Amino acid sequence: MGKAVLPSTSDLTTLETDILQEIAEAHDLNALENTRVAALGKKGRISALMKTLGQMAPEERKAFGQSVNKIKLTVSEALDMRKADLAHAAMSERLATERADITLPVRPGALNDGRIHPVSQVMDEITEIFADMGFSIAEGPEIETDDYNFTKLNIPKEHPARQEHDTFYLADRDDGTRLVLRTHTSPVQIRTMEANDPPIRVIAPGRVYRCDSDQTHTPMFHQVEGLVIDEDTHMGHLKWVLEEFAKSFFEIDNVEMRFRASHFPFTEPSMEVDIRYSKRGDELRIGEGDDWMEILGCGMVHPKVLEHVGYDPKKLQGFAFGVGIDRLAMLKYGMPDLRAFFAADLRWLKHYGFRTFDVPTLAGGLSS
Ligand code: DAH
């Protein structure tokens with residue numbers, strides 16, 4: 001076998017130029033792939049060069065190997081760049097030619113059959129209304145410490161309000177403390193104030209738990225907490241916010257409200273709010289008639305609660321409120337039995353649920 005003719009440096013330069021030109025001229029991803037295989041593939045031109053290494057004198061081999069590796073690198077980079085360019089061009093072409101008509105009706109199928117639960121719908125409505133007034137959303141855990149659920153809210157041990165809450169307790173912990181399933185969303189007030197500097201303007205919707213069950217009570221239900229803290233926030237603000245909320249939520253111009261003196265350990269003064277309504281047969285009408293229905297509790301945040309989170313009650317004040325979401329949903333959408341909310345009966349959900357794309361907005365109408 002005769003001695004093979006070994007490639008020279010100028011051969012290498014020509015090869016590199018050739019390949020780079022092929023890459024530049026590859027007009028689609030397929031052509032580019034063919035170019036890659038012809039250059040770097042097992043039987044490609046660059047791989048073939050590597051095979052000639054074995055026939056070289058050791059001192060030549062090193063320099064030649066380095067040159068080939070350099071070409072390999074340059075070619076690989078050029079391939080990658082061209083590939084990205086071609087992919088981008090292909091995508092631009094698709095975007096320019098393919099069109100989806102988003103005005104077409106939704107096809108029958110899961111999306112059309114599924115329903116949003118009235119509680120989720122009402123939560124979205126409430127969020128939309130308060131977001132429009134500049135509130136943000138706060139969250140807290142459903143498994144709470146005794147301390148956050150009660151003590152920091154000015155409900156010390158042995159306080160009678162603890163009994164009223166029918167609390168689900170978890171087993172005692174080693175340090176003698178115990179966790180509870182939160183009985184209200186009010187602990188989120190504490191967590192929010194601890195984690196943020198005033199001014200504060202939040203709502204906190206979520207699940208709460210009490211050991212109770214009849215036509216209007218279930219062991220798990222939903223509340224939304226509201227909290228506003230600033231230097232000169234007063235009861236006029238509280239009243240305005242709640243009135244605006246009621247009008248938007250019930251989608252009527254005038255919802256008459258009655259603020260009744262009440263007692264909550266974490267507010268002073270405390271009030272319960274009733275709205276005027278009438279009932280004819282099964283039909284409820286909000287804003288008219290001679291009956292009053294309680295819908296929420298509220299008040300000015302108790303100075304002790306502010307102290308517990310390290311706020312100075314001489315400088316800061318504000319209001320809080322707590323609303324039962326399920327109760328509001330029953331009122332607005334005329335569902336008589338709360339237990340049905342959580343029975344997972346698809347017929348009920350089909351009847352009372354909302355279509356997936358009926359997202360409540362103030363502009364588009366909350367419930368339509
Ligand atoms: N946490 C109270 C409850 O579950 C409701 C409540 C009343 C919340 C007054 C408040 C408030 O924030 O100010 O019965």
Side-chain angles (χ1 to χ4, degrees), residues 123 126 130 135 137-142 144-156 159-168 180-194 200-212 216-230 233-243 245-246 257-275 293-306 308-309 311 313 316-328 338:
M123 274 201 194
I126 295 174
F130 281 105
F135 285 66
I137 308 288
E139 280 182 322
E142 289 170 28
E144 237 334 336
T145 62
D146 196 288
D147 194 40
Y148 280 107
N149 195 75
F150 295 120
T151 318
K152 285 211 163 68
L153 286 161
N154 197 30
I155 315 177
H159 192 289
R162 290 203 178 202
Q163 267 77 57
E164 284 162 29
H165 277 208
D166 303 311
T167 312
F168 286 111
V180 302
L181 295 186
R182 69 177 179 191
T183 58
H184 51 177
T185 41
S186 302
V188 185
Q189 289 187 31
I190 305 292
R191 291 184 175 274
T192 305
M193 289 190 281
E194 280 185 349
I200 286 185
R201 200 186 288 171
V202 293
I203 58 163
R207 292 195 184 99
V208 299
Y209 301 83
R210 288 186 204 177
C211 190
D212 202 357
T216 52
H217 296 90
T218 49
M220 186 280 294
F221 58 105
H222 302 81
Q223 290 188 336
V224 58
E225 194 77 13
L227 177 70
V228 173
I229 303 283
D230 209 333
T233 299
H234 55 69
M235 241 161 77
H237 297 132
L238 166 61
K239 212 172 156 219
W240 183 84
V241 164
L242 292 177
E243 280 174 358
F245 165 68
M257 296 178 119
R258 183 167 80 173
F259 286 72
R260 242 179 327 103
S262 181
H263 176 264
F264 299 104
F266 33 89
T267 43
E268 181 56 39
S270 303
M271 288 150 289
E272 279 173 310
V273 175
D274 306 328
I275 52 171
M293 176 156 0
E294 185 208 317
I295 58 160
L296 61 91
C298 62
M300 301 304 293
V301 178
H302 199 293
K304 281 204 178 145
V305 173
L306 297 174
H308 288 162
V309 298
Y311 282 9
L316 295 165
Q317 58 181 32
F319 62 80
F321 55 87
V323 192
I325 294 181
D326 317 79
R327 187 95 188 264
L328 284 186
L338 183 61

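For ligands, and for the atoms within them, numbers begin at 1 and follow the listed sequence. None of the values given here were measured: they were computed from a predicted structure.
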J.: Applying a heavy-atom distance cut-off of 4.0 Å, which protein residues contact ligand 1?
T.: His184, Ser186, Gln189, Arg210, Gln223, Glu225, Phe264, Phe266, Thr267, Gly297, Cys298, Gly299, Ala320, Phe321, Gly322
J.: Sequence neighbours left out, what passes ring-ring contact (aromatic ring centres under 6.0 Å, His included) with His217? Give chain and number order.
T.: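 In terms of ring-ring contact (aromatic ring centres under 6.0 Å, His included), with neighbours along the sequence ignored, His217 is linked to no residue.
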J.: Under a 4.5 Å cut-off applied to non-hydrogen side-chain atoms, are Cys298 and Leu242 in contact?
T.: yes
J.: Is the shortest heavy-atom distance from the side chain of Leu227 to the side chain of Met193 under 4.5 Å?
T.: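 With C-beta onward as the side chain, the pair touches.
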J.: With a 3.5 Å distance limit and no angle check, can you tell me whether Arg327 reaches the backbone of Gln223 through a side-chain donor-acceptor pair?
T.: no
J.: Could you work out, with side chain to side chain contact (heavy atoms under 4.5 Å, CB included) as the rule, every residue matching Met300, not counting sequence neighbours?
T.: Met235, Pro269, Phe319
J.: Counting only pairs under 3.5 Å, give me each side-chain donor-acceptor contact of residues 257-264, with atom names and distances, residues two or more places apart or in other chains.
T.:
unit_1: Arg258; atom_1: NE; unit_2: Asp274; atom_2: OD2; d: 3.1
unit_1: Arg258; atom_1: NH2; unit_2: Asp274; atom_2: OD2; d: 3.0
unit_1: Arg260; atom_1: NE; unit_2: Asp274; atom_2: OD2; d: 2.8
unit_1: Arg260; atom_1: NH1; unit_2: Glu272; atom_2: OE1; d: 3.2
unit_1: Arg260; atom_1: NH2; unit_2: Asp274; atom_2: OD1; d: 2.8
unit_1: Arg260; atom_1: NH2; unit_2: Asp274; atom_2: OD2; d: 3.4
unit_1: Ser262; atom_1: OG; unit_2: Glu272; atom_2: OE1; d: 3.3

